[in-house]
Amino acid sequence: IEAALDVLPHTDLEYALVRREQNNSGEISIHSFSLRDVMNSSDDLAKNFVLQPRDRVIILPNKAEAEAEAEAEAEAEAEAEAEGFSTGQLSEDVIQMKKVATLQRQELIEQLVEDLELQANNTTPAQVISVGGKVRFPGRYPLESSMNVSDLIQAAGGLEESAYTLEAELTRRKINSDRYRSTSYRLFSLQGIEQELKDDFDLLPHDHVNVRRLPQWNEKQTITLEGE
């Protein structure tokens with residue numbers, strides 16, 4: 001991190017990734033770590049997480065694509081006005097440069113997921129899980145060793161304000177010994193996730209967690225006043 005001259009604003013300090021090549025065959029594994037701990041020089045992390053040759057570190061933005069684009073446009077317009085340009089004179093190149101500077105989070109993660117899928121076979125499932133519903137960044141994520149529900153929620157940026165913590169749903173798909181695929185469902189609670197999730201458990205390949213919306217939650221209620 002020091003060699004890269006620090007990190008940009010709006011960087012996710014709780015979830016960063018390392019893509020590691022395991023052997024000469026090109027097989028990879030994915031490992032997550034807390035960038036905050038690294039920047040705080042955590043001794044435990046330094047002892048247990050040492051980079052190896054051909055490792056690739058992926059630092060993620062903590063803004064969704066729509067948020068990043070809106071902020072980029074607002075910042076570019078403010079800069080243009082400060083320099084005496086009208087909004088209509090604003091170069092599209094300036095806006096585009098700011099959008100590129102905030103790389104789309106899910107595109108970066110999806111590249112790793114696709115790599116994991118390529119090395120799966122009929123005896124070794126792809127080490128991939130997913131989360132949907134009321135989390136900040138729904139989508140597919142690499143499955144790490146001993147990864148549990150709270151780890152997945154953290155990888156997805158945490159819960160949204162409208163998340164219903166009393167009941168979430170796990171969908172589990174797996175291949176049985178006689179080579180047919182079964183699907184099971186499980187309801188569980190997300191209460192206490194801010195400190196220590198009471199109903200936490202390890203995840204398996206292809207697990208999907210869905211975080212429901214709080215009943216009777218309205219995202220926005222607006223009124224319009226027109227006239228003089």
Side-chain angles (χ1 to χ4, degrees), residues 1 7-19 28-39 56-75 98-117 126-165 167-173 188-195 197 200-214 217 219-220:
I1 303 301
V7 296
L8 294 171
H10 307 311
T11 295
D12 190 337
L13 299 180
E14 303 303 333
Y15 184 68
L17 296 164
V18 171
R19 180 189 185 276
I28 67 163
S29 61
I30 307 298
H31 308 270
S32 65
F33 65 96
S34 167
L35 194 56
R36 190 185 305 278
D37 288 344
V38 171
M39 297 173 74
R56 182 157 64 92
V57 179
I58 296 98
I59 307 299
L60 301 167
N62 68 353
K63 291 281 184 179
E65 182 177 352
E67 291 179 288
E69 289 184 2
E71 288 190 3
E73 291 182 11
E75 290 174 9
K98 287 185 175 290
K99 288 180 182 178
V100 172
T102 51
L103 291 173
Q104 285 79 14
R105 177 189 179 101
Q106 282 311 116
E107 285 185 5
L108 294 170
I109 296 174
E110 191 64 24
Q111 291 172 8
L112 301 177
V113 167
E114 290 174 1
D115 287 343
L116 291 170
E117 288 181 327
Q127 300 300 298
V128 176
I129 52 178
S130 59
V131 60
K134 308 311 289 183
V135 293
R136 291 195 64 211
F137 304 108
R140 302 195 298 170
Y141 288 87
L143 173 62
E144 302 175 61
S145 175
S146 302
M147 189 173 183
N148 53 35
V149 172
S150 55
D151 294 329
L152 177 58
I153 298 298
Q154 178 172 297
L159 299 175
E160 291 189 350
E161 182 184 2
S162 58
Y164 183 50
T165 59
E167 192 174 83
E169 183 180 46
L170 170 75
T171 302
R172 174 160 291 171
R173 301 178 179 89
F188 62 96
S189 171
L190 289 172
Q191 286 190 301
I193 195 168
E194 295 83 2
Q195 289 82 33
L197 186 61
D200 216 348
F201 52 88
D202 287 350
L203 296 170
L204 299 177
H206 303 300
D207 278 358
H208 176 77
V209 173
N210 183 56
V211 179
R212 299 175 177 178
R213 186 173 68 175
L214 197 65
W217 174 273
E219 297 290 349
K220 276 187 179 178

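Only heavy atoms go into these numbers, but all of them, side chains included; no hydrogens, no water, no symmetry mates.
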Listed partners of Gln111 passing side-chain hydrogen bond (donor to acceptor under 3.5 Å, both in side chains), at least two apart: none
Residues that Ser130 engages under side-chain hydrogen bond (donor to acceptor under 3.5 Å, both in side chains), provided they are two or more places apart: His208
Salt bridge (Lys or Arg N to Asp or Glu O under 4.0 Å) against Arg36, all qualifying residues, sequence neighbours excluded: Glu14
Distance-minimising heavy-atom pair for Ile129 and His206: CG2-N, 4.3 Å
Atom of Val131, atom of Tyr141 and distance for their closest heavy-atom approach: CG1-CE1, 3.9 Å
Residue list, ring pair (Phe, Tyr, Trp, His ring centres under 6.0 Å) with Phe188, at least two apart or on another chain: Phe201
Heavy-atom closest contact (Tyr15 atom, Ser32 atom, distance): CE1-CB, 3.6 Å
Contacts of Glu114 that satisfy salt bridge (Lys or Arg N to Asp or Glu O under 4.0 Å) - sequence neighbours left out: none
Pro61 versus Leu108, closest heavy-atom pair with distance: CD-CD1, 4.3 Å
Shortest non-hydrogen separation from Lys134 to Ser162 and the atoms involved: CE-OG, 2.9 Å
Partners meeting side chain to side chain contact (heavy atoms under 4.5 Å, CB included) with Thr11 (sequence neighbours left out): Val7, Leu8, Leu13, Leu35, Ile59
Side chain to side chain contact (heavy atoms under 4.5 Å, CB included) against Asn148, all qualifying residues, sequence neighbours excluded: Ser150, Asp151, Asp200, Asp202
Non-neighbouring partners of Arg172 that pass salt bridge (Lys or Arg N to Asp or Glu O under 4.0 Å), sequence neighbours left out: Asp207
Ile109 to Pro142 - nearest heavy-atom pair and separation: CG2-CD, 4.0 Å
side-chain hydrogen bond (donor to acceptor under 3.5 Å, both in side chains) against Gln154, all qualifying residues, sequence neighbours excluded: none
Test salt bridge (Lys or Arg N to Asp or Glu O under 4.0 Å) applied to Glu169 - qualifying residues, sequence neighbours left out: none
Set of side-chain hydrogen bond (donor to acceptor under 3.5 Å, both in side chains) partners for Asp12, sequence neighbours left out: Arg105
Sequence-distant partners of Pro205, side chain to side chain contact (heavy atoms under 4.5 Å, CB included), two or more places apart: Pro125, Gln127, Leu143
